[in-house]
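Let me begin by presenting the structure, written as structure tokens, before commenting on it.
The sequence lines fix the lettering, A, B, ..., with proteins before strands; numbering per chain opens at 1. Side-chain atoms are counted along with the backbone in the values below, which use heavy atoms only and exclude waters and symmetry mates.
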Protein chains: 2
Amino acid sequence: MKDIRLKLVNLFKQGFCVPQIARIAKKIKEPSTTLHYNIKRMEKEGVIKAYKAVFDYKKIGQGHCTYLLINLSGEDYGNPEKIAKELAKDESVESVDICTGDYELLVKLRTKDIDEYYEWVKNNVQKFKFAKSTSITSLKQVKTEFVEM
Amino acid sequence: MKDIRLKLVNLFKQGFCVPQIARIAKKIKEPSTTLHYNIKRMEKEGVIKAYKAVFDYKKIGQGHCTYLLINLSGEDYGNPEKIAKELAKDESVESVDICTGDYELLVKLRTKDIDEYYEWVKNNVQKFKFAKSTSITSLKQVKTEFVEM
DNA sequence: GTATATTTTCGAAGATTATTCGATTATTTA
DNA sequence: TAAATAATCGAATAATCTTCGAAAATATAC
């Protein structure tokens, strides 16, 4: 992929988009200034966190999607938030949840292929000393981020 | 939540946003017409599927987040796509994956609370005749849709 | 129940941005 | 090497967002 498109993809992953007020105004038949007011309100109140793009991840070299269930070890077991926040900074990581059940963390990972996935797991098991981890690989993504594929 | 904001939230969940070309142009120091050309290209090629908003889901009455691992029964077992696509239409469903391992489907569900979650599971186990299902509830969402919370 | 304060609506005008167009340059294909 | 295609980009237009102020609706206090 071209350098410029790669930059765009990375910017659009977390933001650099805006609401399309005029189109909504036509659709729901409300004045655009009223919509503008309400949208700004929701942004200020933190209801809306970001405007972003959803991709065909295969086409941006992130076609391999895996859900990782993780057990933490030692002192991290009782304090999963620290590791969760560090994992969240990783740009291959789509989501991190602290959760109930047999595992403390659920990480959704997007990599190019199984090789890149293997490298990621190898590096992070070592780095964060995961006690145990199970992975569920997506064979087909039917819906992602509320968008049907 | 007010009627108008509810409408906005529902529209922003799947689209009704656009890229912010001028801001990107300044940031990466490229002419906005070049960016425009490349973005339109990516849209046509299906690289970009949608522009949408990410919410603080607690604040839009969808604070309860659960991952559901599902076993299908009978004829559906060999053909999970049909059910996956039907589940994808459900507006409480953020994602649906057909996956490897002990379960055929992985569904990410966002509901108001545990009561609404219970109703959803009850209705859908019956409707789709799930053979078995396990759920992992998110206690804290540290990152969602590539956006840190 | 009424007065006051606050929030929300919304049209008009200005500021900003997206989009089209055409020419140039770069890249690919034959 | 030539021709075809794809990509860049400045200028101008079209469309959009944003601000402003006034009015209406709603909430709060007395």
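Under the side chain to side chain donor-acceptor pair (under 3.5 Å) criterion, Gln20(B) pairs with Arg23(B), sequence neighbours left out. Taking the ring-ring contact (aromatic ring centres under 6.0 Å, His included) definition, one finds that Phe16(A) meets it with nothing, sequence neighbours left out. Lys85(A) meets the salt bridge (Lys or Arg N to Asp or Glu O under 4.0 Å) test with Glu81(A); sequence neighbours excluded. The ring-ring contact (aromatic ring centres under 6.0 Å, His included) check on His36(A) picks up nothing, with sequence neighbours excluded. For Lys82(B), the side chain to side chain donor-acceptor pair (under 3.5 Å) criterion is met by no residue, not counting sequence neighbours. Remark: Lys122(A) pairs with Tyr118(A), Glu119(A) by the side-chain contact (heavy atoms from CB on, under 4.5 Å) rule, at least two apart or across chains. Residues that satisfy the side-chain contact (heavy atoms from CB on, under 4.5 Å) test with Lys59(B), not counting sequence neighbours, are Val47(A), Asp56(B).
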Base-contact (B) and sugar-phosphate-only (S) positions in nucleotides 13-26 of chain D, heavy-atom cut-off under 4.0 Å, - elsewhere: ---SSSB-------

Only distances under 3.5 Å count here; give the side-chain donor-acceptor pairs of residues 5-15 of chain A to other protein atoms, sequence neighbours excluded, each with its distance to 0.1 Å.
from	atom 1	to	atom 2	distance (Å)
Arg5(A)	NE	Asn38(B)	OD1	2.9
Arg5(A)	NH2	Asn38(B)	OD1	3.3
Asn10(A)	ND2	Leu6(A)	O	3.2

Side-chain polar contacts of residues 94-104 of chain B - donor-acceptor pairs under 3.5 angstrom, sequence neighbours left out - could you list them?
from	atom 1	to	atom 2	distance (Å)
Glu94(B)	OE1	Arg110(B)	NE	2.5
Glu94(B)	OE1	Arg110(B)	NH2	3.0
Glu94(B)	OE2	Lys108(B)	NZ	3.4
Asp97(B)	OD1	Tyr67(A)	OH	2.6
Asp97(B)	OD2	Ser138(A)	OG	2.6
Thr100(B)	OG1	Thr137(A)	N	3.0
Thr100(B)	OG1	Thr137(A)	O	3.4
Tyr103(B)	OH	Thr134(B)	OG1	2.6
Glu104(B)	OE1	Asn71(B)	ND2	3.4
Glu104(B)	OE1	Leu72(B)	N	2.6
Glu104(B)	OE2	Asn71(B)	ND2	3.2

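Of all nucleotides in DNA chain C, those with any atom nearer than 4.0 Å to a heavy atom of chain B start and finish, going 5' to 3', at dT8(C) to dT20(C).
None of Thr66(B), Thr111(B), Asp90(B) except one satisfies the side chain to side chain donor-acceptor pair (under 3.5 Å) rule with Trp120(B); the exception is Asp90(B).
Contact annotation: Thr34(B) reaches the phosphate of dC9(D) (side-chain N/O to OP1 or OP2, under 4.0 Å).
If you take OH of Tyr37(B) and C1' of dA7(D), they are 5 Å apart, rounded to a whole angstrom. To the nearest angstrom, P of dG10(D) lies 15 Å from NZ of Lys29(B).
Contact check of residues 41-55 of chain B against DNA chain D (heavy atom, cut-off under 4.0 Å) returns Arg41(B).
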